[in-house]
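Note that the numbering runs from 1 along the sequence shown for the chain. Keep in mind that the numbers below use all heavy atoms, side chains included, and drop hydrogens, waters and symmetry copies. Everything numeric here is computed off the predicted structure, so don't read it as measured data.
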Amino acid sequence: MKYKIRMAGLLLLAVFSAALSIWGPEALAKYQDKSVLHVIHAQEVQTAGKGYRYQLNANEKLYILSRCLSSQTLPESEHNAMTRPQETGMDYQELEGSYAFIMNYRNPSGVEITDEQIYETCNKGLDVLKEAGILPAEVREVEPALYDAALYSAIDVLEPRNNIAVWKVSLSNSRENADKGNRLIDAYIDADDGKIYEFYVRTPLLWEEIDADALVEAWSRYMGLGSPAPYESENPLLETTTYYKKYVFPGMGEERTIVTVGFYDGINELFLKISR
């Protein structure tokens, strides 16, 4: 009798176990779903990366822009107009290697200087350069009616996060016989902070009156680059003028950026340009 009761108990346990293995997981899942679905749960998460934007330092930005500008087919000054290729209407210049300089048709992002602000920003930058002794006081303000401005992106194609936005401000070629005395001819201006990377300016000065070392030191402090080192080269074809002096700044990694202070005699055009 006891044996039969024991066997019946074991059989009942086996049936219960089989039923549990079939319907148990489904029932448990439904129970867990009830505790999760349609219920708001709060959980703390790490947000250190929220709003993160990759930032380049002054030397890195200067280097990227120099790589892009150095590979352009368009010259920087009208002094080279005789060598200027015919306009093709292309806004995207394919550059040597992996750097691109692209005209930016989109509106500024909201952080960048807008087209309504660029001329005022440019004039403020010119005032700062005058106060620092980089430009003579006679250089006139930029008048929107006489100038053209275009927004560009300078991009390291292989590392797209390495990019900067710059405004190019140029004296318009649409006005014939325009008075260019003591005027800014061309400038590249940082679209974020308004710093002037490169400029070509007509001045009343002669090359003998320009202290290139003091000028580049003052510009370096203005840009936040650190002190430059002299650049020595015996290549007489580096420039289209005999009046210039070159300097070297650290770039990215082991690379460097060359900054040239120069002067076109005859038209009295002082320039500071960057190159690789």
Side-chain angles (χ1 to χ4, degrees), residues 51-77 90-115 117-118 121-122 125 128-129 134 149-170 186-200 216-229 231 233 238-239 244 246-262 271-276:
Y52 175 77
R53 180 183 178 189
Y54 186 73
Q55 296 289 340
L56 298 166
N57 63 38
N59 289 78
E60 291 170 335
K61 292 167 75 173
L62 189 73
Y63 173 76
I64 291 171
L65 183 58
S66 74
R67 290 299 303 264
C68 293
L69 296 182
S70 294
S71 299
Q72 286 190 105
T73 57
L74 299 180
E76 299 89 341
S77 171
M90 293 179 62
D91 296 315
Y92 175 27
Q93 288 109 33
E94 187 84 27
L95 306 183
E96 294 177 2
S98 58
Y99 289 84
F101 196 62
I102 307 168
M103 183 176 282
N104 199 333
Y105 285 109
R106 66 172 176 79
N107 293 325
S109 64
V111 177
E112 299 159 349
I113 296 165
T114 66
D115 50 357
Q117 299 168 329
I118 183 56
T121 299
C122 183
V128 173
L129 295 186
I134 298 169
L151 182 62
Y152 287 84
S153 292
I155 305 171
D156 179 349
V157 176
L158 298 182
E159 287 286 346
R161 68 176 184 171
N162 295 339
N163 71 86
I164 62 171
V166 295
W167 281 97
K168 182 180 182 182
V169 176
S170 304
D186 283 305
Y188 285 98
I189 302 171
D190 192 294
D192 289 329
D193 59 21
K195 293 289 183 67
I196 298 177
Y197 288 103
E198 183 173 301
F199 59 79
Y200 290 76
V216 80
E217 283 283 358
W219 177 80
S220 175
R221 289 192 296 271
Y222 159 74
M223 294 296 298
L225 296 170
S227 297
Y231 176 80
S233 174
L238 284 175
E239 297 296 332
Y244 68 90
K246 291 182 176 289
Y247 305 86
V248 177
F249 289 87
M252 297 187 73
E254 300 299 321
E255 300 295 331
R256 64 184 183 178
T257 303
I258 299 171
V259 172
T260 304
V261 176
F271 65 85
L272 184 149
K273 72 173 183 177
I274 58 178
S275 59
R276 60 189 176 93

Review point. So do the side chains of E159 and M252 get within less than 4.5 Å of each other, counting heavy atoms only?
Key: no
Those residues at least two apart in sequence (or on a different chain) that pass salt bridge (Lys or Arg N to Asp or Glu O under 4.0 Å) with D156 are none
Residues at least two apart in sequence or cross-chain that pass side-chain hydrogen bond (donor to acceptor under 3.5 Å, both in side chains) with N59, listed by chain then number, are none
Side chain to side chain contact (heavy atoms under 4.5 Å, CB included) with E112: of D190, V166, D192, only one passes, and it is D192
### Query
Regarding S153 and N104, is there a side-chain donor-to-acceptor distance under 3.5 Å anywhere?
yes
Any non-hydrogen side-chain atom of I155 less than 4.5 Å from a side-chain atom of I102?
yes
Sequence neighbours excluded, the answer for ring pair (Phe, Tyr, Trp, His ring centres under 6.0 Å) partners of Y247 is none
- prompt: Do F271 and T260 touch side chain to side chain, with heavy atoms closer than 4.5 Å?
  reply: yes
Distance col, row I113:CD1 vs I189:CD1, nearest 0.5 angstrom, shows 7.5 Å
In this structure, CD of Q117 is separated from SG of C122 (nearest 0.5 Å) by 13.5 Å
Sorted by chain and number, sequence neighbours left out, salt bridge (Lys or Arg N to Asp or Glu O under 4.0 Å) with K195 holds for none
### Message
Counting C-beta onward and ignoring hydrogens, is there a side-chain heavy-atom pair between L56 and N162 closer than 4.5 Å?
### Response
yes
Subject >> Non-hydrogen side-chain atoms of F101 and K168 separated by less than 4.5 Å >> reply: no
Taken in chain and number order and not counting sequence neighbours, the residues that satisfy side-chain contact (heavy atoms from CB on, under 4.5 Å) with A149 are I118, Y119, W167, V169
**Report entry** Mutual orientation of the aromatic rings belonging to F249 and W219 [parallel < 30°, tilted 30-60°, perpendicular > 60°]
**Finding:** perpendicular
By side-chain contact (heavy atoms from CB on, under 4.5 Å), V128 pairs with (sequence neighbours left out) Y222
Original post:
Is it true that R276 and E255 make a salt bridge, defined as a side-chain N closer than 4.0 Å to a carboxylate O?
Top reply: no
